[in-house]
Amino acid sequence: MRVPVALFCLGVRALRSSASLCAVGDTVRCPGSNGTCAGEECCPPGVQGGESFPCPSAPGSFTGCDSPTKVADCVDGPSLPTREWRQTLAGKSVYFVLVDRFARSGGEPLTKCDTDNHWCNGTLRGVIDRLDYIQGMGFDCIWITPVVYQWQGESNSGTGCMGYWAYNLYEIDPHFGTKEDMKDLTRSLHERGMCLMYDFVANHMGPIHNKDMVRDMVPFNDTKYFNQLLRGPMSFDEYTAHDSETWGPTQALWSHSGAQCNLGRSCHCYKCVDADTGITTSSDNFGGPCKDTMVFDEDSPCPRGSLSPYCMLGDYQCEGYNETITQQGWFFDLGDLNQSHPFVRRKQLEWVRWFVDEYDVDLLRLDTAGFVQWGFLSELQEAARVPIIGEVTATNLSYHARFQQDLPTGRTTLAGVLNFPLYYTALAGFCGKWFPYSTFNLTFLGERMEEQLAAPYADVNNLGNFMDNHDTLRLAKVCGGDASRIYNALAWTMLAKGVPIVYYGTEQLFTSVRKSLWDDRYDTTTEMYGFIRALNLVRKEFGAEVLGALEVVDTKHEGLLVFRRGGRSGVWVFVNNFREGHGAVRYCGELPDASDGGVWVDAISQEAAVFDAGCYRSADSRPKVLVRRQRRGLRGAAP
């Protein structure tokens, strides 16, 4: 018996060659009930009746019932998503993979590797072999760290294992694999209806300590291709000399060279005050958590009321902020490319177009985009011909928005930007990390969400929402392992306006930033793995709502946040920052309307919502995602 696919396919039908077919990687509704077969139709093991699951990688059988049964609506061929779909940021969900830490291949021992900046020997082939694990959570794309040929040495900062220390842009580093491995990865993803976001760097190359190191770089093998701001009478070797005692070249960060505040001055805006001992540290970001009260430092270079804990990118009101040093300074010893040189500009534009075409890349993520001139970013976006999402570590919304659309010139800058302004506020709001005005304050997060909607962004749907990455503390670490806070933060990430990005290992509740995943054996039975899959299913089933309007609902409580997607009849998200075991939670204020005879149901638990005296009553502090369903067959629904 053929499954009536029009009822069960939850994929993006508008992109299909036939509205009656599901593609590999689409979502299928289990037709049975209570885990049983409906006629000859059958669900895979572990999937209950009425739940959804991804199509397998090819048509095949499941053996969860009395006899194996074909899943007839999982097909290969022309119904796979189009190239146009793959090369669109909005609406996607992304799983972020550190290639060196995700999966080994070739019989490498699966011993734990938890070093910060030394090789662990994860490979591209290992990623290919574990795509089922990623697709099982329902992600549309994977983002991989750079795999071009790296500096092969070791410095005080470690090695090139993260992929950001390029020495030859045209070769794949053998630590990661081969050119064929890279092509096989994109091919394998496309066969599954998934897409690849590739990470690259335009701001800098690998470490440079003298002119001899430059000669080995491809294609930038001459010292004239690198910024040498404030070099003066020094030789190039003197300028780039780097050890534990010196900073080397003019620095792009903070006050070492006078970038974001006056030379030699502390750029911190707040200080920690202890009633007994006085000031103990300037900021919790670098001096350890403040055990007392963080207050504005009147002697700082920052304006009163600063939303940044220290002078950051775009904080022009900080005394001494210098855009030239910010854009032409180096990151420690990493050779900062001079895009004002015609050769550098031309080669970078040629390279990005070549790389995208050579490896059939769908999307790009640009590292350290905030340190590159806007004009060159526009040219880079045009040359790439696929969307670029840039890394800009700022709290200033107007400045941040300029990396999507440069209002002074009217030019598009980049298609998207990683949403650092809301990341800082959300992490503090859910987990209690100190950040100005944000600590355990979800009301402030809601206000910032509304401010972002009003800011001059070209498209907020193209902002990348996240809760951690390879440069920050893990979500589970910041939340102190509290399950309720972790789940609430992740629900916000997945359903707020923008592109949700989940860092590898989140599904295993990692607390170490760069730990290998293979020693956890790719466990698909964890509660978090299932939770992420459920949130991705909501995104797929309610695609129009997820791309639609976002409205924040006033709760009059700093510990609660309610927002809806796609209007009053769309998807309602109820989150909080209460601890696990808090008990029932009441969300009072504007509520979903069920007057048309439907019933509102939590899409995660499938339990009917309970409304009481103008409030939605949740039985616990876990996040709730309410969607409208028919009453029949729902847990907790009235007959």
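Throughout, numbering of the chain's residues begins at 1 and tracks the sequence.
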Exercise for the section: Check whether the ring centres of Tyr399 and Tyr316 lie less than 6.0 Å apart, and answer yes or no. Expected result: yes
Exercise for the section: In plain terms, say whether Asp612 and Arg617 are close enough for a salt bridge, that is, a side-chain N and a carboxylate O under 4.0 Å apart. Expected result: yes
Completion exercise
Between Arg485 and Phe578 the two heavy atoms that sit nearest each other are CG-O, 3.6 Å
Problem - Sidechain N-carboxylate O distance under 4.0 Å for Asp132, Arg192 - result: yes
Handout entry: Donor-acceptor under 3.5 Å (Lys433 side chain, Cys479 main chain)
Key = no
Handout entry: Val538 side chain reached by Val546 side chain, heavy atoms, under 4.5 Å
Key = no
Exercise for the section: Using a strict cut-off of less than 4.0 Å between a Lys/Arg side-chain nitrogen and an Asp/Glu carboxylate oxygen, indicate whether Arg568 and Glu551 qualify as a salt bridge. Expected result: no
Practice task
Begin from the C-alpha positions of Ser484 and Asp482 and carry the test side-chain hydrogen bond (donor to acceptor under 3.5 Å, both in side chains) through to its verdict.
Solution key: CA-CA 6 Å; Ser484 177; Asp482 187 273; 4.5 Å; no
Practice task
Verify, without hydrogens or angle tests, whether Asp140 (side chain) and Ser93 (backbone) share a donor-acceptor contact under 3.5 angstrom.
Solution key: yes
Practice task
Report the relative orientation of the aromatic rings in Phe574 and Tyr587; use parallel for angles under 30°, tilted for 30 to 60°, perpendicular for over 60°.
Solution key: perpendicular
Exercise for the section: Measure across Asn465 and Trp492 and return the closest heavy-atom pair with its distance rounded to 0.1 Å. Expected result: OD1-CH2, 4.3 Å
Exercise for the section: Ignoring hydrogens and angles, tell me if any N or O in the side chain of Ser306 forms a donor-acceptor pair with the backbone of Pro303 under 3.5 Å. Expected result: no
Fill in the blank from the handout: Between Thr511 and Ala476, the two heavy atoms sitting closest are CG2-CB, 4.0 Å
Handout entry: Non-hydrogen side-chain atoms of Leu397 and Glu451 separated by less than 4.5 Å
Key = yes
Handout entry: Backbone N/O of Asn576 and side chain of Asn488: donor-acceptor pair under 3.5 Å
Key = yes
Handout entry: Polar side-chain atom of Asn461 near backbone of Ala90 as donor-acceptor pair, under 3.5 Å
Key = no
Problem - Residues Arg629, Glu541: salt bridge by 4.0 Å N-O rule - result: yes
Exercise for the section: Compute the centroid of each ring, for Tyr504 and then for Tyr95, and state whether the two points are separated by less than 6.0 Å. Expected result: no
Handout entry: Glu580 and Arg622 ion-paired at < 4.0 Å
Key = yes
Practice task
For Leu475 and Asp468, work out which heavy atoms get closest and say how close.
Solution key: N-OD2, 2.8 Å
Handout entry: Validation row: Val97, Trp143 side chains within 4.5 angstrom (heavy atoms)
Key = no
Handout entry: CA sep, side-chain torsions, deciding dist, call: Asn419, His400, side-chain hydrogen bond (donor to acceptor under 3.5 Å, both in side chains)
Key = CA-CA 9 Å; Asn419 201 353; His400 191 254; 4.9 Å; no
Practice task
Over all heavy atoms of both residues, which pair between Glu545 and Gly570 is shortest? Give the atoms and the distance, please.
Solution key: CG-CA, 3.8 Å
